[in-house]
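Per chain, numbering begins at 1; letters A, B, ... match sequence-line order.
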Amino acid sequence: MRIGYPCINRSIGCTSSRTFRLASYSDRRLVETVESNLDCLEAVLRWNAAHGILFFRITSDLVPFASHSVCKHDWAGRFRDRFRSLGRIVRRHRMRTSMHPDQFVLLNALDERIVTGSVRELEYHARVLDLMGLPASAKVQIHVGGVYGDKPSAIGRFVERYRRLKAAVRRRLVVENDDRCYTVADCLEVSRLTGAPVLLDVFHHKVNSSGGSLRDALRLCAATWQRADGPPMVDYSSQEPGQRRGRHKEQVDLRDFQRFIAQARDVECDVMLEIKDKEKSALKAARLVSGTPQ
DNA sequence: GGCAGTCAAGTACGC
DNA sequence: GCGTACTTGACTGCC
């Protein structure tokens, strides 16, 4: 079981999520920003390797505006060697990576323009992982999308558009249950119709459950991952008490995490900790899993 | 230097 | 029909 954290390492003092405003877009600004983001990504990957953290979510901001019509620059060509060498670090240490496009990616939207933009965004994400030379086990996770008052039709649109995606995107795409609209059962149905693996979000399953135990959900989701997809990915987080619904905890609650691990005992999976203090909690969880004293 | 408002992109929900 | 909540971190303009 690999333990990971998303996008940001607070111990290093750099960010791979630097961006800028659309109004100040220029090719020069783009190149400078991407250069800085890739430098930081390399530092983070090296830090992770040195600390035994073998799972990491790469930020969607790595190449700002990559899927936007304003961006005409051949960033992939310009940074080809950089991406390749980052991928070598990942492979050398047997690390795993993922990416998670944000809420604006909606394959099942009613508005075709939103669908077009979403497809472009997915192609950008798949391209980053392709440029790094990573296998199909490096995933791009999205939610099913909106319901639009008719869930069966909304799922139907998702399936139809999934089938139209380029193979390079489809091989990486996984669907994740969300906290309001699409439960694990819904995602399993989408998986049955598309073949896309289901990434279980433990916290979302708690607040938007389709019934059944966590253990059942883990096993059902795990069964949707084929050999080439690698071990199932799982997102783990928990509610910060007394805060707004959905707010993630500041630090991992190791007792709760241990209960989760106990439920996942015979399901081989890689776990992404969505916890505010990022790598600190990931280190604690990784020590717990490996049996190293805290 | 610090702070508050804003940022490419959307949906769901309450009123 | 309209405004707001939703999550999050970085940017930007203002003091």
Side-chain angles (χ1 to χ4, degrees), chain A residues 5-26 28-30 32-37 39-41 44 56-73 75 99-125 140-151 153-155 157-158 161 175-183 186 201 203-204 206-208 235-240 242-250 272-281:
Chain A
Y5 63 97
C7 305
I8 293 163
N9 181 309
R10 299 189 190 283
S11 304
I12 295 184
C14 70
T15 171
S16 54
S17 307
R18 261 187 64 197
T19 182
F20 49 87
R21 295 289 181 252
L22 181 58
S24 53
Y25 181 92
S26 69
R28 188 176 161 193
R29 188 89 191 260
L30 180 79
E32 282 172 6
T33 305
V34 173
E35 206 151 34
S36 155
N37 285 345
D39 285 348
C40 184
L41 179 58
V44 171
F56 183 67
R57 184 184 297 161
I58 297 171
T59 174
S60 294
D61 283 336
L62 199 65
V63 184
F65 305 106
S67 71
H68 194 283
S69 57
V70 75
C71 178
K72 305 276 193 256
H73 187 75
W75 54 269
M99 297 183 83
H100 191 353
D102 68 23
Q103 57 179 335
F104 304 110
V105 168
L106 294 157
L107 272 189
N108 71 357
L110 293 167
D111 185 337
E112 276 296 335
R113 287 168 301 185
I114 295 170
V115 180
T116 304
S118 298
V119 170
R120 285 172 61 106
E121 184 73 356
L122 289 176
E123 287 173 354
Y124 151 64
H125 281 79
V140 175
Q141 63 189 87
I142 60 169
H143 298 294
V144 180
V147 172
Y148 311 95
D150 179 356
K151 193 181 271 187
S153 298
I155 289 179
R157 282 195 304 280
F158 182 95
R161 284 149 188 179
V175 290
E176 176 190 356
N177 58 309
D178 66 74
D179 59 347
R180 286 196 293 181
C181 302
Y182 289 91
T183 62
D186 295 326
D201 185 304
F203 183 36
H204 292 164
K206 197 180 268 182
V207 298
N208 182 28
D235 280 1
Y236 169 88
S237 62
S238 49
Q239 170 75 38
E240 182 72 44
Q243 294 288 329
R244 282 196 312 269
R245 177 177 169 273
R247 187 183 172 91
H248 293 161
K249 271 191 85 82
E250 193 62 39
M272 177 67 62
L273 262 67
E274 294 184 323
I275 305 284
K276 299 273 280 183
D277 74 352
K278 308 284 183 184
E279 78 286 354
K280 287 195 175 63
S281 282

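One can place CZ of A:Phe203 at 12 Å from P of C:dC6, the figure rounded to the nearest angstrom. The distance between atom CG of A:Asn37 and atom C1' of C:dG9, rounded to the nearest whole Å, is 13 Å. Distance A:Asp179 CG to C:dT7 C1': 10 Å, rounded to the nearest Å. In this structure, NE2 of A:His100 is placed 13 Å from P of C:dT7, rounded to the nearest angstrom. Nucleotide C:dC6 holds its P atom 15 Å from the CZ atom of A:Phe104, rounded to whole Å.
The existence of a salt bridge linking A:Arg157 and A:Asp150 is excluded, since no basic side-chain nitrogen approaches an acidic carboxylate oxygen closer than 4.0 Å. We find that A:Arg161 and A:Glu112 are joined by a salt bridge, their nearest charged nitrogen and carboxylate oxygen being less than 4.0 Å apart. Comment: A:Asp61 does not engage A:Arg18 in a salt bridge, judged by the lack of any side-chain N to carboxylate O separation of less than 4.0 angstrom. With respect to the salt-bridge test (charged N to carboxylate O, under 4.0 angstrom), the residues A:Arg113 and A:Asp111 qualify.
Among the heavy atoms of the strands lying under 4.0 Å from A:Val147 are primed sugar atoms or P, OP1, OP2 only; no base atom is included. Residue A:Gly117 is classed as having no contact, given no heavy-atom separation below 4.0 Å to the nucleic acid. Residue-level contact check: A:Phe65 touches the bases, meaning some heavy atom is under 4.0 Å from a base atom.
Ring geometry for A:Phe20 against A:Phe65 counts as tilted: the plane angle lies between 30° and 60°, on a 0 to 90° scale.
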| request: Apply side-chain hydrogen bond (donor to acceptor under 3.5 Å, both in side chains) to A:Ser60 and A:His125, showing your working. | output: CA-CA 7 Å; A:Ser60 294; A:His125 281 79; 2.7 Å; yes
| said: Working note: A:His100 + A:Glu176, criterion side-chain hydrogen bond (donor to acceptor under 3.5 Å, both in side chains); need CA distance, chi angles, decisive distance, verdict. | reply: CA-CA 10 Å; A:His100 191 353; A:Glu176 176 190 356; 3.2 Å; yes
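Rounded to whole Å, the separation between the C1' atoms of B:dC3 and C:dC6 comes to 23 Å. The P atoms of C:dG3 and B:dT6 are separated by 15 Å, rounded to the nearest whole Å. When the C1' atom is used for both C:dG1 and B:dA8, the distance is 25 Å, rounded to whole Å. Taking the P atom of each, B:dG5 and C:dT4 are spaced 14 Å apart, rounded to whole Å. Rounded to a whole angstrom, the distance from the P atom of C:dG9 to that of B:dT11 is 24 Å.
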| Reading DNA chain C 5' to 3', how would its secondary structure be written in dot-bracket notation, given Watson-Crick and G-U pairs with both distances under 3.5 Å, brackets [ ] for crossing pairs and | for partners on other strands? | ||||||..|||||||
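The ring-ring contact (aromatic ring centres under 6.0 Å, His included) test applied to A:Tyr236 returns A:Phe257, A:Phe260, not counting sequence neighbours. Checked against disulfide (SG to SG under 2.5 Å), A:Cys71 has no partners two or more places apart in sequence or in another chain. For A:Cys40, the disulfide (SG to SG under 2.5 Å) test picks out A:Cys14, with sequence neighbours left out.
Contact between the side-chain N/O atoms of A:Lys276 and the OP1/OP2 oxygens of C:dG9 is found at a separation under 4.0 Å.
Both the sub-6.0 Å distance and the 45° axial angle are satisfied by A:Lys151 relative to the ring of A:Tyr182.
Protein chain A contacts DNA chain B over a range whose 5' and 3' limits, counting nucleotides with an atom under 4.0 angstrom from a non-hydrogen atom, are B:dT6 to B:dA12.
Remark: of the listed residues A:Ser16, A:Cys7, A:Ser17, A:Ser16 is the sole one forming a side chain to side chain contact (heavy atoms under 4.5 Å, CB included) with A:Leu62.
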| field | Sequence-aligned protein contact record of nucleotides 10-15 of chain C, with B where the base is within under 4.0 Å of a protein heavy atom and S where only the sugar-phosphate is | value | BBS---
